[in-house]
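Structure record follows, encoded as structure tokens.
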Number of protein chains: 2
Amino acid sequence: MATGRNHRPATSRSRGIPEATVARLPLYLRALTALSERSVPTVSSEELASAAGVNSAKLRKDFSYLGSYGTRGVGYDVEYLVYQISRELGLTQDWPVVIVGIGNLGAALANYGGFASRGFRVAALIDADPSLSGKPVAGIGVQHTDELEKVVDDNGVSIGVIATPAGAAQQVCDRLVAAGITSILNFAPTVLSVPEGVDVRKVDLSIELQILAFHEQRKAGEDVPAEEDTAPPAAPPAASVTKRTDSGPDGDLPAVMPA
Amino acid sequence: MATGRNHRPATSRSRGIPEATVARLPLYLRALTALSERSVPTVSSEELASAAGVNSAKLRKDFSYLGSYGTRGVGYDVEYLVYQISRELGLTQDWPVVIVGIGNLGAALANYGGFASRGFRVAALIDADPSLSGKPVAGIGVQHTDELEKVVDDNGVSIGVIATPAGAAQQVCDRLVAAGITSILNFAPTVLSVPEGVDVRKVDLSIELQILAFHEQRKAGEDVPAEEDTAPPAAPPAASVTKRTDSGPDGDLPAVMPA
DNA sequence: ATGCCTTTGTGAACGCGTGCACAAAGATGG
DNA sequence: CCATCTTTGTGCACGCGTTCACAAAGGCAT
């Protein structure tokens, strides 16, 4: 979900499309594209739902927000639906994107082939390290952070990707926003503060793993319920100053490896 | 969210902890760790909520599921809370992880420093490319896919990360599950089917960007509402066989660059 | 043309998640 | 020991999202 401080009332529905539905449209589109390639003319809600990994009723309701694009007794026309969803998602136009922070992750993102395939185009790669300047990554020359504003302005970029260490994320974010960017995909493990009107979505490997660990522990714990608390570090009252030196801070490292 | 076909009734709450709360615990933990490093003894729900980017009432309710760890009139003991959340998330134990698919992304993940910091340890790197076998990535030798089962078994791995191209994802997933893995973090742009009891979480750059594009388009569209549909590719009835050759399939490419 | 069969589109019920607002609890100072 | 002030913990209401279940709609065969 969009983090930061831009809580659109969830009633964000532009023309009435629920946020949850919007999040699933790309899933449907992917499944439909696959069908399209196999030249499948039509598909039923049941089949498509199965391919997308969702409930068929949910899929039908999702599509109902877009309009009545199906034919009762038959199903949906694949090509037509691909077009409608693409249009709804804004994929019929070109979206220049800038990637800031060309470390391991930033480079991997720059090399991501699926980027260009859906209307997204890497307009520029930016990094604060001067020694990277000019060096080509994925066929694109890395530019210095100083060029950020100019690059955004010249290319009319509205979407920025932050792949810097956590410590630099907010600063980069502020500059991107000031330069006119209104949508940010954040890979740094930080909560970004952005002004009203700017969308932020975050991808955080660390969090995903921790959630998995929680469930994993629960699965294992069901068999061994006897293991309660092992050795609490002094209860709240006895606050104490037991400075923890273990578990190094990951708060200053990007979620998926930076520079 | 966990995709695939393992819809736990959302009432997954192990001891009553809502899924939404579990997803926020890592966020709180990160903020608390930062405070801990600055040797801040206690923190109020208001302050911590602000740092984590959430509502203070929500934070208090979240913590209430863990127990009454706060002190009225004072706040929460930072150290104590760090311990409690860590324990709840299962971060007090070691979680060996295997990464399958050592392409751009896989390598970036392997290099991710924050991995080890929170109880996660990269036990092995696996790739189908024989030419990679033995080559060290992030200080760990890459092993061939043939070793998958053995590696999982020998190290007692229960969490697997899939960073392969979409085409190989399901197959890798099946092998991981068969080998005994019960939690999967999927970076490939595919819906994975897994048996009951296996958790799958997915990270998909392509989807995130498309969601941003949707909102971006909406922002721009508010000013220019006159632009309705431009040129639909024939309505459903006139299905036609207008094979789309543009927008290459991204269905066979991993979300964040593979090998 | 008529009836049957398939599949959509959606009304309605339900449950989870969120946020408000306040009572209870504890700390603190006199 | 009491009054006051701060902050937690939570009851309650509201709204979004999900799912069921079915009526309406269209194709197709006879």
Side-chain angles (χ1 to χ4, degrees), chain A residues 1-3 5-14 16-25 27-28 41-50 52-78 80-81 84 235-239, chain B residues 1-3 5 7-14 16-25 27-28 40-50 52-78 80-81 84 235-239:
Chain A
M1 281 69 211
T3 315
R5 197 74 29 358
N6 61 316
H7 279 266
R8 190 176 296 105
T11 312
S12 140
R13 43 182 70 184
S14 51
I17 301 181
E19 192 57 35
T21 294
V22 172
R24 280 189 294 269
L25 290 182
L27 231 50
Y28 301 145
T42 62
V43 63
S44 71
S45 63
E46 201 70 53
E47 297 170 320
L48 186 54
S50 171
V54 302
N55 183 295
S56 70
K58 191 186 294 184
L59 177 142
R60 286 198 297 278
K61 179 145 290 192
D62 282 343
F63 285 176
S64 77
Y65 292 116
L66 305 183
S68 288
Y69 296 150
T71 303
R72 298 173 189 235
V74 178
Y76 300 90
D77 181 273
V78 175
Y80 189 64
L81 207 44
Q84 290 299 342
Chain B
M1 281 66 209
T3 317
R5 197 73 30 357
H7 280 265
R8 190 177 296 102
T11 313
S12 139
R13 44 183 68 183
S14 52
I17 302 181
E19 192 58 36
T21 294
V22 172
R24 280 188 293 269
L25 290 182
L27 231 49
Y28 301 145
V40 176
T42 61
V43 65
S44 71
S45 63
E46 202 70 53
E47 296 169 321
L48 186 53
S50 172
V54 303
N55 183 294
S56 71
K58 190 186 293 183
L59 178 142
R60 287 198 298 276
K61 180 147 293 190
D62 282 343
F63 285 175
S64 77
Y65 291 118
L66 306 183
S68 288
Y69 296 149
T71 303
R72 298 173 190 237
V74 177
Y76 300 90
D77 180 90
V78 174
Y80 189 66
L81 206 45
Q84 290 299 343

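The sequence lines fix the lettering, A, B, ..., with proteins before strands; numbering per chain opens at 1.
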*asked:* Applying the side chain to side chain donor-acceptor pair (under 3.5 Å) criterion to A:S45, which one of A:K58, A:R60, A:K61 satisfies it?
replied: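 Filter result, single survivor: A:R60.
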What is the separation between atom [atom1] on [X] and atom [atom2] on [N], rounded to the nearest whole Å?
X: B:K58; N: C:dA21; atom1: NZ; atom2: C1'; value: 17 Å
X: B:E47; N: D:dT8; atom1: CD; atom2: C1'; value: 14 Å
X: A:I17; N: D:dC16; atom1: CD1; atom2: C1'; value: 16 Å
X: A:Y28; N: C:dT8; atom1: OH; atom2: P; value: 13 Å
X: B:E19; N: C:dG15; atom1: CD; atom2: P; value: 19 Å
X: A:D62; N: C:dT8; atom1: CG; atom2: P; value: 14 Å
X: B:E46; N: D:dG9; atom1: CD; atom2: P; value: 14 Å
X: A:L59; N: C:dG9; atom1: CG; atom2: P; value: 10 Å

*Taking OP1 and OP2 of D:dT8, is either one under 4.0 Å from a side-chain nitrogen or oxygen of B:S45?*
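Checking B:S45 against D:dT8: at least one side-chain N or O falls below 4.0 Å of OP1 or OP2.
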*asked:* Please determine whether a side-chain nitrogen or oxygen atom of B:N55 lies at a distance below 4.0 Å from atom OP1 or OP2 of C:dG17.
replied: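 So the side-chain polar atoms of B:N55 never come under 4.0 Å of the phosphate oxygens OP1 or OP2 of C:dG17.
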Among [options], which nucleotide has an atom closest to any side-chain atom of [X]?
X: B:R24; options: C:dG17, C:dT18, D:dT18; answer: C:dT18
X: A:T71; options: D:dG27, C:dT18, D:dG9; answer: D:dG27
X: A:R60; options: C:dA12, C:dG9, C:dC20; answer: C:dG9
X: A:R72; options: C:dA24, D:dA23, C:dA21; answer: D:dA23

*Which heavy-atom pair separates B:A49 from B:S56 by the least distance, and what is that distance?*
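It is CB-CA, 3.5 Å.
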*asked:* On a heavy-atom basis, which atom in B:V40 and which in B:V78 lie closest, and how many Å separate them?
replied: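 Shortest heavy-atom contact: O-CG2, 3.3 Å.
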_Base of D:dT19 paired with side chain of A:K61 (donor-acceptor, under 3.5 Å)_ =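 Checked by distance alone, the answer is yes.
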*For A:A20 and for A:A57, find the nucleotide of DNA chain D with the closest heavy atom, then tell me which residue's nucleotide is more 5'.*
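Of the two residues, A:A20 wins.
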*Could you pick out which residue, A:V74 or A:T21, lies toward the 5' side of DNA chain D when each is mapped onto its nearest nucleotide?*
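The answer here is A:T21.
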_A:Y69/A:F63 under ring pair (Phe, Tyr, Trp, His ring centres under 6.0 Å): CA gap, chis, key distance, verdict_ = CA-CA 8 Å; A:Y69 296 150; A:F63 285 176; 8.3 Å; no
*Which part of the nucleic acid does B:Y76 contact within heavy-atom distance under 4.0 Å: base, sugar-phosphate only, or nothing?*
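Sugar-phosphate, no base atom in range.
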*Any chance you could measure B:D62, atom CG, to B:N55, atom CG, to the nearest 0.5 Å?*
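B:D62 CG to B:N55 CG: 10.0 Å, rounded to 0.5 Å.
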